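Inspection log for the structure reproduced underneath, given as structure tokens.
If you're wondering where the values come from, they're calculated on a predicted model, not measured in any experiment. Values reported hereafter were calculated over all heavy atoms of this structure, with side chains retained and with hydrogens, waters and symmetry mates removed. Note on naming: letters A, B, ... go to the chains in the order of the sequence lines (proteins, then strands), and numbering restarts at 1 for each one.
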Amino acid sequence: MTRVFVPRDSGALSMGAEAVARAIAAEAAVRNQAVTLVRNGSRGLYWLEPMVEVETPTGRIAYGPVTPGDVPGLFDAGFLAGKAHPLGHGPTEQIPYLAKQERLTTARVGVIDPVSIPDYERHGGFRGLRNALAMAPAAIVEAVTQSGLRGRGGAAFPTGIKWKTVLGTTADQKYIVCNADEGDSGTFSDRMIMEGDPLVLVEGMIIAGLAVGATAGYIYVRSEYPHAVTALTEAIQAASAGGFLGASVLGSGRRFDLEVRVGAGAYICGEETALLESLEGRRGMVRYKPPLPAIEGLFGKPTVINNVISLASVPIILDRGAAYYRDYGMGRSRGTLPIQLAGNVKYGGLVEKAFGVTVRELLYDYGGGTRSGRPIRAVQIGGPLGAYLPASQFDTPLDYEAFIGISAMVGHGGIVVFDDTVDMAHQARWAMEFCAIESCGKCTPCRIGSIRGVEVLDRIIADEDREANLALVRDLCDTMLAGSLCALGGMTPFPVLSALNHFPEDFGLPAAPLAAAAR
Amino acid sequence: MPPETATAPWTPAVQRALDDHKARPGALLPILHEIQQRVGHVPPEAVPVIAEALNLSRAEVHGVVTFYHDFRDHPAGRHVLKVCLAESCQAVGCDHLLAHAKQRLGVELHGTSADGAVTLEPVYCLGNCALSPALMVDGDVVGRATPEKLDGLLAELRRPA
Ligand SMILES: Cc1cc2nc3c(=O)[nH]c(=O)nc-3n(C[C@H](O)[C@H](O)[C@H](O)COP(=O)(O)O)c2cc1C
Ligand code: SF4
Ligand code: FES
């Protein structure tokens, strides 16, 4: 029985993976060849999707991008034995894009059957949980603290410190909430985990529950991710049947229940307190802090709320030890980050690397430049609230503090590439427009300021009273920065001001001198 | 349930959604999702019914329905085409794709083509940014979309049932 892997990842499906899977099954039947189809996640080499892999005695061999029409030819060429074909890329793990990565959190994505407990355990799954079950809660929290893990959802707050606060509370009920709203444009690592290795998230949440004394968890997934919802639901069913969830986790007598909830299309519901409001069945309005969710979170109870990648990084820390994870990275940015290359990029996909890799390496050594073949002019990092970087800043290493140093943000690690046809005044206008569309409406600088921002930028673009209107935009940004309750209003100025500062020529001003642009 | 709504075509679906989820904490979103899935939209006349069942005010339920982009208070076309308009898709020309879709369907955003086949909606990131520009057709994502791909899709969607 030859195992053939065709991803069920929604990116692969968006390029026709379903039809390819059907064609392979049909062709195998016609030829009387014994084939087991495994629907794995994506390896994250999206330009090769649908990427089909065949398991051979010498390892897995990759072919892609495959269309249904290619399937008979692949059989003719002997792809079931890993033989050569024009679409062949040799052993998957030796493809340079993949071979040069440091995949810790995403190690199993694309490798295993996402909802198979045996496959998961064969690849190191649930070892972290088994270790955690033998540890005191405070020791689990200490391991996470020592690992240096910081929140991957955007704010980079130390995960261990957050857990410690919740552990220190006394309550009849505590919760673990997973933030799977992944609203940032240019990001898809949460989705890849949920579709390609959902059990690692389940395991991370159980460990979090053991660490802080929480017996119930919710995963809040955006509605744009139906395939992630399906995979998570299947994974939770499998984990329950296997005794990993429920009244007594692996017979320990400790309870952990897990449920998936689906969002309804609102960017602001990625903000943690708006997410909690939404989970409680209300509009996603941002809450005032304090109280912190760690003290009064979901349904008023102490709550750990963490991003998918943060939680999915916990099992390997408990498996290999805090030092193993902490040894990757630079400065105060420890471990690895699953980086996502997006936009106008030749080789878009997932690149998990230790912190310290530079933007330039990511754009050129991995990304291969633009898809259009034109020069890269700007990249936006960290989602719609992240700054635009000009080429003079491409040597910045991925490091939380280095990014703060250039008024930028690593955020959730998405990098969106633009070529030299981009109009940065339009991008600045869009930042304001997006803020206006998605504002929860609680504070004036955000709700009204963003609408004014669009109007003023429209006037600048139309060359009306440019100087005065540019001063007005800067004023408005100051007000939003200082007077917004959350980062939607408070950080929309970052893309706007970075566009203006680094690309003044797009706003009808003289071009920035190189030295100033580099700052 | 007030008598005038007891017989509406959507009544069984609403009742079913309430029965399925009413007991769960924070039940409103799951209920609205199920109603929208079964009925195609959340009928404004159903709001008081939901409010009463959950012990909420009508204003609270109405507020939730209108806050979220996903919920609609009137029926859509037979299919919903969502065009991603966020940054990664902007970087590879989603504005052309949107203009093409508008022109082919003869509608603006949120509009439904005259034949009732397709409603055009915006969406802000489908998590398919490595394969931008992206579209979503009734829950299925399409990567590296082009006007030609879109024409092929629309021809299928608009084929008389
Ligand atoms: C407007 C806004 C949108 C956000 N969207 C997300 C999101 O989609 N996913 C996420 O994990 N965090 C998001 N965050 C950050 C969360 O508020 C919060 O910091 C995070 O869930 C904490 O988890 P972490 O410490 O593991 O990162 C957003 C914040 C803001 C202000
Ligand atoms: S900044 Fe905007 S999104 Fe955030 S709380 Fe204020 S109005 Fe709501
Ligand atoms: S921005 Fe369009 S799919 Fe992410």
> Tell me, side chain or backbone of Ser278(A) under 4.5 Å from chain B's heavy atoms, or both, or neither?
Replying inline: both
> Quick one: do Arg283(A) and Glu60(B) make a salt bridge, cutoff under 4.0 Å?
Replying inline: no
>> With a sphere of 6.0 Å drawn around OH of Tyr347(A), does it hold more than 12 non-hydrogen atoms of other residues, nucleotides or ligands?
In response: no
>> Report which part of Glu280(A) has an atom under 4.5 Å of a heavy atom belonging to chain B: side chain, backbone, both, or neither.
In response: backbone
>> Using heavy-atom distances under 4.5 Å, tell me whether Val422(A) contacts chain B through its side chain, its backbone, both, or neither.
In response: neither
>> Heavy-atom pairs under 4.5 Å with chain A - which of Leu56(B), Asp70(B), Thr66(B), Leu54(B) has more of them than the others?
In response: Asp70(B)
> Using non-hydrogen atoms and a limit below 4.5 Å, what part of residues 90-107 of chain B faces chain A?
Replying inline: Gln90(B), Ala91(B), Val92(B)
> Atom OH of Tyr225(A) and atom CG of Leu126(B): how far apart are they, to the nearest 0.5 Å?
Replying inline: 8.5 Å
> Going through the distances and angles, do Arg261(A) and Arg24(B) end up as a side chain to side chain contact (heavy atoms under 4.5 Å, CB included)?
Replying inline: CA-CA 11 Å; Arg261(A) 286 290 175 95; Arg24(B) 301 166 78 186; 3.2 Å; yes
>> Would you say that more than 12 heavy atoms from the other residues, nucleotides or ligands in this model lie under 6.0 Å from the NZ of Lys149(B), or not?
In response: yes
> To the nearest 0.5 Å, how far apart are CD in Glu224(A) and CG in Asn128(B)?
Replying inline: 12.5 Å
> Checking Lys82(B) against chain A: side chain, backbone, both or neither under 4.5 Å from a heavy atom?
Replying inline: neither
>> Heavy-atom cut-off 4.5 Å, strictly under: side chain, backbone, both or neither for Pro226(A) against chain B?
In response: side chain
> OG/Ser10(A) to CE/Met136(B) distance, rounded to the nearest 0.5 angstrom?
Replying inline: 7.5 Å
>> Does either side chain, that of Ser223(A) or that of Tyr68(B), offer a donor lying less than 3.5 Å from an acceptor on the other one?
In response: no
>> Rounded at 0.5 Å granularity, tell me how far CG in Leu341(A) sits from OG in Ser88(B).
In response: 10.5 Å
> Can you say whether Phe434(A) sits under 4.5 Å from chain B via the side chain, the backbone, both, or neither, judging by heavy atoms?
Replying inline: side chain
> For Glu259(A), is it the side chain, the backbone, both or neither that has a heavy atom under 4.5 Å from a heavy atom of chain B?
Replying inline: side chain
>> Heavy-atom pairs under 4.5 Å with chain B: which of Ser14(A), Gly11(A), Ala342(A) has the most?
In response: Ser14(A)
> Which atom pair, heavy atoms only, marks the closest approach of Leu29(B) to Val262(A)?
Replying inline: CD2-O, 4.0 Å
> Side chain, backbone, both or neither: which part of Glu18(A) has a heavy atom under 4.5 Å from chain B?
Replying inline: neither
>> What residues of residues 116-124 of chain B make heavy-atom contacts with chain A at a cutoff under 4.5 angstrom?
In response: Val123(B), Tyr124(B)
> Atom OG in Ser42(A), atom CG in Leu131(B): separation rounded to 0.5 Å?
Replying inline: 8.5 Å
> So which part of Pro25(B) gets closer than 4.5 Å to some heavy atom of chain A, the side chain, the backbone, both or neither?
Replying inline: both
> Is it the side chain or the backbone of Asp419(A) that comes within 4.5 Å of chain B heavy atoms, both, or neither?
Replying inline: neither
> Can you check side chain to side chain contact (heavy atoms under 4.5 Å, CB included) on Glu49(A) and Arg144(B), steps first, answer last?
Replying inline: CA-CA 11 Å; Glu49(A) 293 291 0; Arg144(B) 291 209 175 174; over 6 Å; no
>> Counting only non-hydrogen atoms closer than 4.5 Å, does Tyr267(A) touch chain B with its backbone (N, CA, C, O), its side chain (CB onward), both, or neither?
In response: neither
> Can you name the nearest heavy-atom pair linking Ser185(A) to Cys129(B), along with the distance?
Replying inline: C-SG, 4.4 Å
> Gly348(A), Gly281(A), Cys440(A), Gly16(A): which one forms the most heavy-atom pairs within less than 4.5 Å of chain B?
Replying inline: Gly281(A)
> Roughly how far, to the nearest 0.5 Å, is CZ of Arg222(A) from SG of Cys125(B)?
Replying inline: 5.5 Å
>> Report which part of Ile268(A) has an atom under 4.5 Å of a heavy atom belonging to chain B: side chain, backbone, both, or neither.
In response: side chain
> Of the backbone (N, CA, C, O) and the side chain (C-beta and beyond), which part of Glu87(B) lies under 4.5 Å from a heavy atom of chain A, both, or neither?
Replying inline: both
> Is there side-chain contact between Leu28(B) and Arg282(A), with heavy atoms separated by less than 4.5 Å?
Replying inline: no
>> As an exercise: rank Ala27(B), Pro30(B), Gly143(B) by heavy-atom pairs under 4.5 Å with chain A and give me the winner.
In response: Gly143(B)
> Within a reach of under 6.0 Å around NE2 of His62(B), are more than 12 heavy atoms found that belong to other residues, nucleotides or ligands?
Replying inline: no
